[in-house]
Amino acid sequence: MLSFSRKHELEADEMGLIFMAMAGYDPRQAPAFWQRMAAAGGGAPPEFLSTHPGPDRRIERLNANMPKALQYYKK
(Lines give C-alpha, C1' and ligand atoms only; values in the text may rest on other atoms or scores of the structure.)
Protein backbone atom coordinates (compact mmCIF):
# COMPACT_ATOMS: atom_id res chain seq x y z
CA MET A 1 0.00 0.00 0.00
CA LEU A 2 1.27 3.44 -0.90
CA SER A 3 1.56 6.06 1.80
CA PHE A 4 -0.77 8.44 -0.08
CA SER A 5 -3.74 7.51 -2.21
CA ARG A 6 -6.37 9.09 -4.46
CA LYS A 7 -8.57 9.36 -1.36
CA HIS A 8 -5.92 11.46 0.38
CA GLU A 9 -5.44 13.61 -2.70
CA LEU A 10 -9.18 14.31 -2.94
CA GLU A 11 -9.28 15.15 0.76
CA ALA A 12 -6.39 17.58 0.26
CA ASP A 13 -8.25 19.17 -2.66
CA GLU A 14 -11.32 19.69 -0.47
CA MET A 15 -9.26 21.22 2.34
CA GLY A 16 -7.42 23.44 -0.14
CA LEU A 17 -10.72 24.64 -1.57
CA ILE A 18 -11.93 25.62 1.91
CA PHE A 19 -8.63 27.27 2.86
CA MET A 20 -8.49 29.31 -0.35
CA ALA A 21 -12.05 30.50 0.29
CA MET A 22 -11.18 31.44 3.88
CA ALA A 23 -8.17 33.39 2.59
CA GLY A 24 -10.41 35.41 0.28
CA TYR A 25 -9.65 33.67 -3.02
CA ASP A 26 -12.59 32.74 -5.23
CA PRO A 27 -12.98 28.94 -4.90
CA ARG A 28 -14.81 28.82 -8.25
CA GLN A 29 -11.39 29.19 -9.89
CA ALA A 30 -10.23 25.76 -8.66
CA PRO A 31 -12.29 23.70 -11.15
CA ALA A 32 -11.25 26.11 -13.93
CA PHE A 33 -7.61 25.46 -13.00
CA TRP A 34 -8.10 21.69 -13.37
CA GLN A 35 -9.90 22.20 -16.68
CA ARG A 36 -6.82 24.06 -17.95
CA MET A 37 -4.57 21.29 -16.61
CA ALA A 38 -6.66 18.67 -18.41
CA ALA A 39 -6.54 20.68 -21.64
CA ALA A 40 -2.75 21.02 -21.38
CA GLY A 41 -2.77 17.25 -20.99
CA GLY A 42 0.26 15.23 -21.57
CA GLY A 43 0.81 11.53 -21.25
CA ALA A 44 -0.82 10.78 -17.92
CA PRO A 45 -1.43 7.13 -17.02
CA PRO A 46 -4.98 5.90 -16.44
CA GLU A 47 -6.32 6.88 -13.03
CA PHE A 48 -6.36 3.30 -11.75
CA LEU A 49 -2.56 3.15 -12.23
CA SER A 50 -1.93 6.43 -10.41
CA THR A 51 -2.00 7.60 -6.81
CA HIS A 52 -3.54 10.86 -8.06
CA PRO A 53 -7.14 11.28 -9.18
CA GLY A 54 -7.67 12.38 -12.76
CA PRO A 55 -8.66 15.96 -13.57
CA ASP A 56 -12.27 15.00 -14.35
CA ARG A 57 -12.70 13.40 -10.94
CA ARG A 58 -11.03 16.35 -9.21
CA ILE A 59 -13.35 18.79 -11.00
CA GLU A 60 -16.39 16.72 -10.06
CA ARG A 61 -15.40 16.64 -6.37
CA LEU A 62 -14.46 20.33 -6.28
CA ASN A 63 -17.86 21.25 -7.72
CA ALA A 64 -19.56 18.97 -5.17
CA ASN A 65 -17.76 20.80 -2.35
CA MET A 66 -18.32 24.26 -3.84
CA PRO A 67 -21.43 25.21 -1.78
CA LYS A 68 -19.48 24.67 1.45
CA ALA A 69 -16.49 26.64 0.14
CA LEU A 70 -18.69 29.51 -1.02
CA GLN A 71 -20.09 29.87 2.49
CA TYR A 72 -16.56 30.60 3.72
CA TYR A 73 -15.82 32.86 0.76
CA LYS A 74 -18.89 35.03 1.36
CA LYS A 75 -18.02 35.63 5.05
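Numbers here are sequence positions counted from 1.
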If I compare all heavy atoms of [X] with all of [Y], which pair ends up nearest, and what's the gap?
X	Y	result
A30	L17	CB-CD1, 3.7 Å
P55	A38	CB-CB, 3.7 Å
Q71	K75	O-CG, 3.3 Å
P53	E9	CD-CB, 3.4 Å
I59	W34	CG1-CB, 3.6 Å

Taking it one step at a time, do M37 and R58 satisfy side chain to side chain contact (heavy atoms under 4.5 Å, CB included)? CA-CA 11 Å; M37 290 290 285; R58 285 183 188 260; over 6 Å; no

Verify same cluster id: F33, Y72 (apolar side-chain graph, 4.5 Å): no

Applying a strict under-4.5 Å side-chain criterion to I, L, V, M, F, W and Y, I'd like to know whether L70 and M20 cluster together. yes

Point-to-point distance, once rounded to the nearest 0.5 Å, from [atom1] of [X] to [atom2] of [Y]:
X	Y	atom1	atom2	answer
E14	I18	CD	CD1	6.0 Å
Q29	R36	CD	CZ	7.0 Å
D13	N65	CG	CG	9.0 Å
F19	Y25	CZ	OH	14.5 Å
Q35	D56	CD	CG	9.0 Å

